[in-house]
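All remarks here apply to the structure that follows.
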Amino acid sequence: LVGIAVRLPSLYTKVAQPFNSINSDFYKDSGLDFERRTNLLLATIRENKLEELALASLEPGKKKIIILKLDPATIVSGQQGPKKLSDLVVYSKGKVSDIDQLAAAVLEVVNYIPTGYVVLDQSPNWLTTEKLNSFVDGSSFSPSFLLNLRENKSYLDQHLLTNLSTNEFYKLVTSVKKIQPERFELLNTDRYRTQLGFIDNKALANEIGGRMNDSKVVNGNYAVEVFNASGVEGLGQILKDVVVNLGVSIVQVSSTENTEEKSTVFVKDKSNFLAETLQKLLKAGLEKDTDIGSVDIKIVIGKDFGKFFDY
């Protein structure tokens with residue numbers, strides 16, 4: 001313990017330094033709120049190749065973290081033809097430089113919002129329940145853990161890319177650690193892949209049921225209209241499925257050939273939890289409009305969000 005006390009000032013300086021991140025427009029807004037459902041895009045990359053991919057979903061008070069394991073060879077219906085998920089990671093000088101289209105494609109494939117990302121570059125595979133449990137259980141705040149914290153942070157600084165702050169990262173680990181004992185439920189999406197390599201997202205949603213709904217959205221009992229003015233065919237239906245998977249039962253969808261440059265979320269009365277969630281996803285404006293019909297929220301998808309699906 002004396003050794004820890006001596007090393008604390010320099011240790012704090014090292015640990016408090018931000019993690020490396022990826023320059024991103026999809027993840028432009030900083031800060032994650034772990035008081036609501038959070039879905040993290042998890043990936044392992046080696047030698048400019050996507051080796052592992054998953055979406056981990058957690059919500060306060062729930063006893064399970066659901067992890068949707070995705071084969072990087074899964075096919076997505078791109079605007080320019082079918083693409084593998086692994087083809088949507090951009091590299092520069094041997095490093096990951098862009099995952100915006102990958103994040104959008106994961107949203108399209110599973111219809112859940114990847115609100116954050118944790119990418120390990122040049123790392124062994126780690127997306128198994130055994131290795132995840134080992135990492136979490138080994139991250140207790142014991143003297144031995146504190147003595148190794150500088151070394152652990154040095155490793156993460158070399159291999160970890162994330163939009164989480166250091167505080168959010170350690171808060172996440174601490175929150176997960178409180179869930180015992182079988183904290184991870186891993187669902188391999190391979191069983192929902194068609195012969196052509198696509199995922200049957202309806203079958204996947206039926207299997208998951210309401211387990212990845214956001215409780216605050218369900219309790220809000222919202223009615224929503226999705227209006228696709230992005231110029232990207234089918235994006236309205238994709239966002240409708242996303243809203244349904246958040247926990248909304250009444251969703252209308254329509255589209256127009258006339259495009260809007262900017263996305264906007266309209267609310268009939270006042271801002272609410274779901275409107276703010278969708279505003280953050282779309283990087284949209286939020287406006288009050290009492291003339292949006294029978295719905296509580298109207299989403300207008302503009303070209304600024306549609307650009308992520310140009311693959």
Side-chain angles (χ1 to χ4, degrees), residues 26 36-44 50-59 62-79 82-89 99 101-118 125 127-129 132 182-218 224 226 228 232-251 253 274 277-278 281 299 301 308-309 311:
F26 193 93
R36 63 177 70 191
R37 180 166 290 283
T38 302
N39 301 323
L40 294 176
L41 186 67
L42 310 178
T44 306
L50 182 62
E51 296 286 350
E52 289 184 302
L53 184 64
L55 188 73
S57 184
L58 60 153
E59 185 177 27
K62 301 296 183 182
K63 296 181 179 180
K64 288 285 186 182
I65 297 169
I66 299 175
I67 299 179
L68 304 181
K69 192 77 177 287
L70 293 157
D71 190 321
T74 297
I75 301 296
V76 62
S77 298
Q79 297 297 304
K83 293 277 197 315
K84 293 179 181 179
L85 292 176
S86 58
D87 294 335
L88 300 176
V89 182
I99 60 166
Q101 289 191 340
L102 176 65
V106 168
L107 181 145
E108 177 177 347
V109 167
V110 298
N111 299 147
Y112 294 98
I113 303 169
T115 47
Y117 66 88
V118 176
N125 288 1
L127 295 180
T128 66
T129 53
L132 287 167
E182 299 294 330
R183 57 175 71 93
F184 296 111
E185 179 183 355
L186 195 148
L187 296 176
N188 196 324
T189 59
D190 274 352
R191 67 170 118 163
Y192 305 105
R193 288 177 70 190
T194 67
Q195 290 183 341
L196 296 177
F198 298 94
I199 285 181
D200 184 342
N201 47 29
K202 299 298 183 186
L204 176 62
N206 288 337
E207 170 72 18
I208 296 171
R211 288 182 294 158
M212 285 175 62
N213 288 164
D214 192 307
S215 299
K216 292 184 178 179
V217 173
V218 175
V224 178
V226 178
N228 184 16
V232 178
E233 185 178 355
L235 188 51
Q237 182 62 47
I238 291 170
L239 200 59
K240 174 187 175 181
D241 292 338
V242 168
V243 173
V244 168
N245 284 346
L246 281 169
V248 179
S249 56
I250 302 175
V251 185
V253 61
L274 177 58
T277 298
L278 295 170
L281 168 65
I299 309 158
I301 312 171
F308 298 118
F309 298 83
Y311 42 72

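Quick note: residue numbers are just sequence positions, from 1.
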N/O donor-acceptor pair under 3.5 Å between E59 side chain and S215 backbone: yes
Hey, mind stepping through D190 and R193 against salt bridge (Lys or Arg N to Asp or Glu O under 4.0 Å) and telling me if it holds? CA-CA 5 Å; D190 274 352; R193 288 177 70 190; 3.5 Å; yes
Assess the residue pair L85 and L102 against the criterion (side-chain contact (heavy atoms from CB on, under 4.5 Å)); give the C-alpha distance rounded to whole Å, side-chain angles, the decisive distance to 0.1 Å, and a yes or no. CA-CA 6 Å; L85 292 176; L102 176 65; 4.2 Å; yes
Are the side chain of K64 and the backbone N or O of E182 linked by a donor-acceptor pair below 3.5 Å? yes
Please answer whether the main-chain N or O of I208 pairs with a side-chain N or O of R211 as donor and acceptor at a distance below 3.5 Å. yes
Pair V224, L274 - check side-chain contact (heavy atoms from CB on, under 4.5 Å), show working. CA-CA 10 Å; V224 178; L274 177 58; 3.7 Å; yes
Under the criterion side-chain contact (heavy atoms from CB on, under 4.5 Å), I'd like the reasoning laid out for L53 against L41: C-alpha separation, chi angles, the key distance, then a yes or no. CA-CA 7 Å; L53 184 64; L41 186 67; 3.8 Å; yes
Could you check I299 against V243 for side-chain contact (heavy atoms from CB on, under 4.5 Å), going step by step and ending with a plain yes or no? CA-CA 10 Å; I299 309 158; V243 173; 4.2 Å; yes
Roughly how far, to the nearest 0.5 Å, is NZ of K240 from CD1 of I301? 12.5 Å
D241 side-chain N/O to N111 backbone N/O, donor-acceptor pair under 3.5 Å: no
What heavy-atom pair brings V76 and F198 nearest, and what distance separates the two atoms? C-CE2, 3.9 Å
Could you give the distance from OG1 (T129) to CD1 (I67), rounded to the nearest 0.5 Å? 8.0 Å
Distance-minimising heavy-atom pair for L186 and T128: CD1-CA, 4.4 Å
Return yes when atom CD of E233 has more than 12 non-hydrogen atoms of other residues, nucleotides or ligands closer than 6.0 Å, and no otherwise. no
Donor-acceptor pair between R36 and T277 side chains, under 3.5 angstrom: yes
Mind checking the CG-OG1 spacing from L70 to T189? Nearest 0.5 Å is all I need. 4.0 Å
Of all the heavy-atom pairs spanning Y311 and Q101, show the shortest one and how long it is. CB-OE1, 3.6 Å
Kindly give the heavy-atom pair with the smallest separation between V109 and I75, and that separation in Å. CG2-O, 4.5 Å
Looking at every heavy atom in both V226 and G236, which two are closest together, and how far apart are they? CG1-O, 3.7 Å
What is the distance from atom CD1 of I66 to atom CG of L58, rounded to the nearest 0.5 Å? 10.5 Å
With the side chain counted from C-beta on, respond yes when F309 and L107 share a heavy-atom pair under 4.5 Å apart, and no when they do not. yes
Is it true that a side-chain atom of D200 and a backbone atom of A203 form a donor plus acceptor pair closer than 3.5 Å? yes
Here's a test for you: under side chain to side chain contact (heavy atoms under 4.5 Å, CB included), which of V106, V110, I199, L42 qualifies with L68? V110
S86 versus L50, closest heavy-atom pair with distance: CA-CD2, 3.8 Å
So, D87 side chain and K83 main chain: donor-acceptor pair closer than 3.5 Å or not? no
So, does N228 use its side chain to make a donor-acceptor pair with the main chain of V232 at under 3.5 Å? yes
Within this structure, what is the CG-NZ distance for the pair L246 and K216, rounded to the nearest 0.5 Å? 13.5 Å
Can you name the side-chain contact (heavy atoms from CB on, under 4.5 Å) partners of N39, sequence neighbours left out? R37, L55, S57, Y112, T115, M212
For L127, is there any backbone N or O sitting under 3.5 Å from a side-chain donor or acceptor partner on K69? yes
State the CD-OG1 distance between E51 and T44, to the nearest 0.5 angstrom. 8.0 Å
